[in-house]
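What follows is a short report on a single structure.
Numbered from 1 within each chain, the chains take letters A, B, ... in sequence-line order.
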2 protein chains.
Amino acid sequence: MPSHRSLLPPSLTAMKRHILLYGLLAGGLIALLKVVEYRYLVVTHSVEIYGGLVAALFAGLGIWLGVTLTGRPERIVVKEVPVVVQAPATFVADPARREALGITKRELEILKLMAAGMSNKEIADQIFVSENTVKTHASRLFEKLGARRRTQAIHTAKGSGLIP
Amino acid sequence: MPSHRSLLPPSLTAMKRHILLYGLLAGGLIALLKVVEYRYLVVTHSVEIYGGLVAALFAGLGIWLGVTLTGRPERIVVKEVPVVVQAPATFVADPARREALGITKRELEILKLMAAGMSNKEIADQIFVSENTVKTHASRLFEKLGARRRTQAIHTAKGSGLIP
DNA sequence: CAGAAAATCATACCAAAGGGCGACTGCGAA
DNA sequence: TTCGCAGTCGCCCTTTGGTATGATTTTCTG
């Protein structure tokens, strides 16, 4: 069960804190001005000074508030930097081309191992079948690829995008 | 020759414009308040309302100023744009790699034809030599490539960049 | 030019590759 | 259940590939 801290999002709680602070400051300032007003200003200066003082104070406060409270949404400037990426050495194309030629998964598997330079015996040992089975798969593979030799099969398979 | 627009950076000119605007607004407001003061407020309300009005106005102005003037900080997000570089379909590398392995030109020629799926006999007919000669070249080629079969030779040769 | 390297060819032998045929099993679609 | 496909395996035979060895010729290169 997730911990219960606040149902309000953090930005809202922060704003609440700021508003409270603002109110307190405003109250304090007004009280201060009240005191000042009756002690010196009204007797020696005009209302303009009083207004200017208040204006300056609240302008400053507003600026601070504007900068602080409205958690400035940073402008995200996306700088696009070209990065040279090596062409996909991965090679992903399989199913479509394979099926188009009627080549089974097993046959393709043998094709890949053949292309890796393995003999029929090595392939047989690798995939745990007899050498005869590998030969059978290879034969059918050659037929489907129109090849008479394994080297030719590899060559045309590469041309067809069956193998990298 | 570059065009002469302004010697000041754009941010400074913008700030100047803002300050000017601020001054004009302040002046206008004070003038407005002056008019209002002598017409209604002084006779019907106390100084508190005047001060509050000024405070509210300048606070709002300050907020607007704070938000507007201090241009929101930019966060520069570096986005890496992948540029796919097509693998060189050209393939130019020959002499260096070939010599490094001690492979002769003739042997490389036979290697390429082998990779094209040709039989020893076909290669022999192609380059007008006997099949035995092709076999000899092939044997030495395998030895230099550390291969036991032609498919393996093709595979390792491709890995060495000898053939595309 | 002499020597080395490369290219050529032959003969013999063995291993690997490939084709043809038949057979069996497991699995999924009709 | 039947049918067909994919996968498996064996046997026999032919072709191709690969090694070994030796020899001759061409082509560079010092």
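Taking atom CG of residue A:Leu113 and atom P of nucleotide C:dA16, one finds them 17 Å apart after rounding to whole Å. One atom, NZ of B:Lys105, and another, P of C:dA5, lie 16 Å apart when rounded to the nearest Å. Following rounding to the nearest Å, B:Arg106 (CZ) and C:dC9 (C1') show an atom-to-atom distance of 13 Å. Computed from coordinates, the B:Leu111 CG to C:dA6 C1' distance equals 17 Å when rounded to whole Å. If you measure from atom CG of B:Leu108 to atom C1' of C:dA5, you get 17 Å, rounded to the nearest angstrom. Remark: P of D:dT16 and CE of A:Met114 are 17 Å apart, rounded to the nearest angstrom. Separating the CD atom of B:Glu109 from the C1' atom of C:dT8 is a distance of 14 Å, rounded to the nearest angstrom. Atoms CD1 (B:Ile110) and P (D:dG18) sit 13 Å apart, rounded to a whole Å.
A sub-4.0 Å separation between OP1 or OP2 of D:dG17 and a side-chain N or O of B:Arg150 is present. Of the side-chain N and O atoms in B:Asn120, one or more sit less than 4.0 angstrom from OP1 or OP2 of D:dG17. For the pair A:Arg149 and C:dG18, the criterion of a side-chain N or O lying under 4.0 Å from OP1 or OP2 is not met. Under 4.0 angstrom from either OP1 or OP2 of C:dG18 there lies no side-chain N or O belonging to A:Arg148.
The heavy-atom pair separating A:Leu113 from A:Gln126 by the smallest distance is CD1-CG, 4.2 Å.
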TODO: Let me see the working for A:Ile110 and A:Ile127 under side-chain contact (heavy atoms from CB on, under 4.5 Å), right down to the final yes or no.
DONE: CA-CA 9 Å; A:Ile110 270 118; A:Ile127 65 176; 3.9 Å; yes

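Listed for the A:Lys144 side chain is no donor-acceptor partner under 3.5 Å among the backbone atoms of A:Leu101. The backbone N or O of A:Ile103 sits less than 3.5 Å from a side-chain atom of A:Arg98, completing a donor-acceptor pair. In this structure, B:Glu99 contributes its side chain and B:Ala96 its backbone to no donor-acceptor pair below 3.5 Å.
A donor-acceptor pair shorter than 3.5 Å can be found between the side chains of A:Ser130 and A:Thr133.
In this structure, A:Glu109 does not pair ionically with A:Lys112, as no charged nitrogen and carboxylate oxygen lie closer than 4.0 Å. With respect to A:Glu122 and B:Arg149, a salt bridge is recorded, a charged nitrogen being found less than 4.0 Å from a carboxylate O.
Distance from the side chain of A:Thr104 is smallest for D:dA6 among the nucleotides D:dT8, D:dT16, D:dA6.
Within a 6.0 Å sphere centred on CD of A:Glu143, heavy atoms belonging to other residues, nucleotides or ligands number 12 at most.
For the segment residues 129-145 of chain B, the set of residues with a heavy atom within less than 4.0 Å of an atom of DNA chain C comprises B:Val129, B:Ser130, B:Asn132, B:Thr133, B:Thr136, B:His137, B:Arg140, in numerical order.
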What N/O pairs connect the protein and nucleotides 25-30 of chain D at under 3.5 Å? Give each pair on its own line.
none

